[in-house]
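These numbers come from a predicted model, not from an experiment. Here is the naming used below: chain letters follow the sequence lines, and residue numbers restart at 1 for every chain. Basis for what follows: all heavy atoms, side chains included, without hydrogens, waters or symmetry-related copies.
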Amino acid sequence: MSPTPPADNHSELQQIDPEALIADAITVAIERAFGIENADPIVGPARNPKFGDFQSNAAMPLGKRLGKNPREVAAAIVEHADLGGIAEPLTAESIAGPGFINITLNADALSGLLENLDTPELGLPTPASPETVVVDLCGVNLAKQMHVGHLRSNVIGDTIARSFERLGHTVVRQNHVGDWGLPIAMVTGKVKAEADAGRIALDDLDLATLNRLYKDAQLECAADRRGLAAVRKFDLGPKAEAELEEQVASAEEALAAAKQTLVKLQSHDPEIEAVWRSIERTTMEVCLAVCARLHTRVTDGDSAGESSYATELAGVVADLVDRGVAEESDGALVVRVEGIKEPCLIRKGDGGFLYATTDLAAIRRRVQTLGGDRLVYCVDARQGLHFRQVFGAAHKAGYTTRPDGSTATLEHAAFGTVLGEDGKPLKTRSGENIKLDALLDEAVERAEAAIRERAGENAGEAGDVRTAAEAIGIAAIKYADLQTERSKDYVFSFDRMVSFEGNTGPYLLYARARINSMFEKAASRGIDLSASESAPLRLEAEEEKTLALLLLRTPRVVRGVADSLEPHRLCAHLYDLAVAFSKFYDRCPVVGADDEATRLSRLRLAGLTRRVLTDGLETLGLPLVDRM
RNA sequence: GUCCCGGUAGCUCAGCUGGAUAGAGCAGCGGACUUCUAAUCCGCCGGUCGGGGGUUCGAAUCCCUCCCGGGACGCCA
């Protein structure tokens, strides 16, 4: 269910978007011709330039519905259509094939629309009643280093958030930090033991050490119980059995200790809590630094860890029991959701809560306290069932009902796994997750090498090169991640993304850098740039027209990204835009144009392209670089 | 076993509510830098859209079925 555009800016949008204007005209024509209201005009860009700029495919389905020859239907539409002068008048010649209606924009209208786009808001005015969108992203865990899995949640989640922000909605980012529960208790106990033994200092922890201790603690608590059962069953000898027995026993012991630590943590034992806080401080400091480096807007204020819901869980469960939403099942408490076979577990047989319980508390807070109209979860696709259960349970519990009685929309913006070039989940040779900062380092290193290779002696100051390399490397990684359909797995390849050729982040940055350079050149020739800002647009060359049409399409695309939660649409559009600009750049001299009017018109077109491109790149969250 | 997601050019991917000869990038081959940055542009090569049925004037797109790959499936998070 996508929000409809507020009526107050619809007319404004129409002044810019030819597709909307034409669509409305066709809808009206259908009504006039057949008395059918609000028919889908099926208008879109022409599939092939030789058919014009836009096409309507409405006649065919309409013909079927009315039992008429689609070409006759098309003729009737054409006859009743009033395109208000924005396109060439429709005639019998406009009808092609089974009933396609081909539409060519009027040249003057095109520049008029483009002038309307050329405002500070670039076709996306602030809505009269902004929505509040809560975006769940990042999702780090205490004592664990960020890896490729976090890359997507941050990058995609942040772009989704930015697209809503760009549309003028209120966005609340939520970093649902994994900072609670038994695994955290395990590592907390482990860290305390290490500190007590003098092997580490609590006020001087580093994340790599924490990560190691986390794994150690996990191992110590992990017992091969099934292995032991198998050894016994198949009688594999007393030695093997004894070894496993010992292992299981020590694991049981470690687990019991961790459970005790958890109890202390929950009851705010000062000593344990101090250890926990230093783990948290160390982890979050690194996490936020990585987010800053990634240019994802995730800050300390966005942190809403699992621990922050700890005191609410008992209340949530009691509430669900009281109101008959939850029921007992094999000693556990579950919420059954219609259409899903597996019930949603909210309390274990031993009384402990589960992550579904925390997520229910989070939904309640996000809707009731944060005022969310729309909750978006940018989380791994493998959590799909979990979110279907939790969303269903939240709706059933009434937690998604807002004060005004409306229901908040809950969506799982699921993303696929990052794969290596062998098609398997990306890991190091030793089978570990690849650290995110190492990944970023390599991209930046490769970018720096590329700059030096291309520029040679003219690469500039070392500091400037590093600044540019940082932006280019990060842009390359982010763009590669955003470029493909979110929900699918994607293959990560340094060689491909950092070749910096073709459809890559750096290509977009490069297009922008060339526009900068063009303006510098123009300024150095003494051309009056301020005059170009309001110069009449003369879109005569094919390249100029193509570029103009793409520019006009941008607001529609940004809306589409927010509606669908699919950033790759903006990537594709900005790439098309950059390609169109590159062709324009290649074939239409600007600074050296034949006459003054053309020069100023082209400067204005280039300037507008730069602003739209910059705006789009910022919406994607790519770092910019002014010179390449 | 049940459910979810995928299968489009050698590789990586687009393909919007069904529409006109299925599009990019990379790789390969061939062109374009005394003229605004060649991280660019132009051309060529390359596809039984996993297989088979069906609906339709029209299917990569919708329905059925099968094959292949990945994932998830009550007391971990």
Using the [atom1] atom as the reference point in each nucleotide, state the distance between [N] and [M] in Å, no decimals.
N      : M      : atom1 : value
A27(B) : G19(B) : P     : 32 Å
G47(B) : C11(B) : C1'   : 14 Å
C68(B) : C62(B) : C1'   : 23 Å
G30(B) : C66(B) : C1'   : 45 Å
A14(B) : G50(B) : P     : 14 Å
G15(B) : G74(B) : C1'   : 41 Å
A38(B) : A32(B) : C1'   : 9 Å
U17(B) : G10(B) : P     : 27 Å

Can we call the ring centroids of [X] and [Y] under 6.0 Å apart?
X       : Y       : value
F387(A) : Y377(A) : yes
F494(A) : F492(A) : yes
Y507(A) : Y479(A) : no
H386(A) : Y355(A) : yes

Select base, sugar-phosphate, or nothing to describe what [X] touches, counting heavy atoms under 4.0 Å on all strands.
X       : answer
A513(A) : base
E520(A) : nothing
A572(A) : nothing
F353(A) : sugar-phosphate
C571(A) : nothing
Y507(A) : sugar-phosphate
A606(A) : nothing
G592(A) : nothing
I472(A) : base
P61(A)  : base
S582(A) : sugar-phosphate
R587(A) : sugar-phosphate
K64(A)  : base

Could you check which of [options] has an atom nearest any side-chain atom of [X]?
X       : options                : value
D586(A) : C41(B), U17(B), A39(B) : C41(B)
R553(A) : C16(B), C57(B), C36(B) : C16(B)
V491(A) : U12(B), A38(B), G19(B) : U12(B)
V591(A) : A38(B), A39(B), C36(B) : C36(B)
D330(A) : A20(B), C75(B), C3(B)  : C75(B)
N102(A) : G7(B), G19(B), A20(B)  : A20(B)
L345(A) : A20(B), C75(B), A38(B) : C75(B)
E306(A) : A77(B), C75(B), U37(B) : A77(B)
R514(A) : A20(B), G19(B), U37(B) : U37(B)
R627(A) : G6(B), G74(B), U37(B)  : U37(B)

Please check the phosphate of [N] (OP1 and OP2 only) for any side-chain N or O of [X] closer than 4.0 Å.
X       : N      : result
R556(A) : C16(B) : no
Y490(A) : C5(B)  : no
H568(A) : G15(B) : yes

**OP:** Go through the steps to decide whether L419(A) and L426(A) satisfy the test side chain to side chain contact (heavy atoms under 4.5 Å, CB included), and finish with yes or no.
**Re:** CA-CA 5 Å; L419(A) 306 176; L426(A) 190 63; 6.0 Å; no

Separation of [X] atom [atom1] from [N] atom [atom2], in whole Å?
X       : N      : atom1 : atom2 : result
L62(A)  : U56(B) : CG    : C1'   : 16 Å
K521(A) : U35(B) : NZ    : P     : 9 Å
L419(A) : C11(B) : CG    : C1'   : 14 Å
I101(A) : A20(B) : CD1   : C1'   : 14 Å
R525(A) : U35(B) : CZ    : P     : 11 Å

**OP:** Measure from NZ or CZ of R514(A) to the centre of the six-membered ring of Y585(A) and say whether it is under 6.0 Å with the direction within 45° of the ring axis.
**Re:**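 Yes - R514(A) lies over the ring of Y585(A), closer than 6.0 Å to its centre and within 45° of its axis.
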
Original post:
Relative to the 5' end of RNA chain B, which residue comes earlier, M628(A) or K341(A), by the nucleotide with the nearest heavy atom?
Top reply: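 In this pair, the answer is K341(A).
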
Original post:
So which one's nearest nucleotide on RNA chain B is more toward 5', G44(A) or A332(A)?
Top reply: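 Between the two, 5'-proximity favours G44(A).
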
Original post:
Salt bridge check: are R452(A) and E448(A) linked by an N-O gap of less than 4.0 Å?
Top reply: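 Answer for the salt bridge query: yes.
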
Original post:
Charged N to carboxylate O under 4.0 angstrom, R382(A) versus D380(A)?
Top reply: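 Yes.
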
**OP:** Applying side-chain contact (heavy atoms from CB on, under 4.5 Å) between L62(A) and each of I42(A), I30(A), D40(A), N57(A), report the one that passes.
**Re:**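 Between L62(A) and the candidates, side-chain contact (heavy atoms from CB on, under 4.5 Å) is satisfied uniquely by I30(A).
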
Subject >> Among T546(A), D576(A), L613(A), T609(A), side-chain contact (heavy atoms from CB on, under 4.5 Å) partner for F581(A) >> reply: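 With F581(A) as partner, side-chain contact (heavy atoms from CB on, under 4.5 Å) holds for just one option, T609(A).
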
Original post:
Does one side chain, of Y309(A) or D359(A), offer a donor that lies under 3.5 Å from an acceptor on the other?
Top reply: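 Checked: Y309(A)/D359(A) side chains show no N/O donor-acceptor pair below 3.5 Å.
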
Original post:
Side chains of N516(A) and R610(A): is there a donor and an acceptor less than 3.5 Å apart?
Top reply: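 Yes.
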
**OP:** Classify every nucleotide of nucleotides 68-73 of chain B by which part a protein heavy atom approaches to under 4.0 Å, writing B for the base, S for the sugar-phosphate alone and - for neither, in 5'-to-3' order.
**Re:** ---SSS

**OP:** Starting at the 5' end of nucleotides 21-31 of chain B, put B wherever the base has a protein heavy atom under 4.0 Å, S where only the sugar-phosphate does, and a dash everywhere else.
**Re:** B--SSS-----

Would you check if the side chain of [X] reaches a backbone N or O of [Y] as a donor-acceptor pair within less than 3.5 Å?
X       : Y       : result
R446(A) : G473(A) : no
T357(A) : I346(A) : yes
D179(A) : E306(A) : yes
R152(A) : V379(A) : no

Subject >> Nucleotide-level pairing of RNA chain B, given in dot-bracket where Watson-Crick and G-U pairs need both distances under 3.5 Å and | marks other strands >> reply: (((((((..((((.....[...)))).(((((.......))))).....(((((..]....))))))))))))....

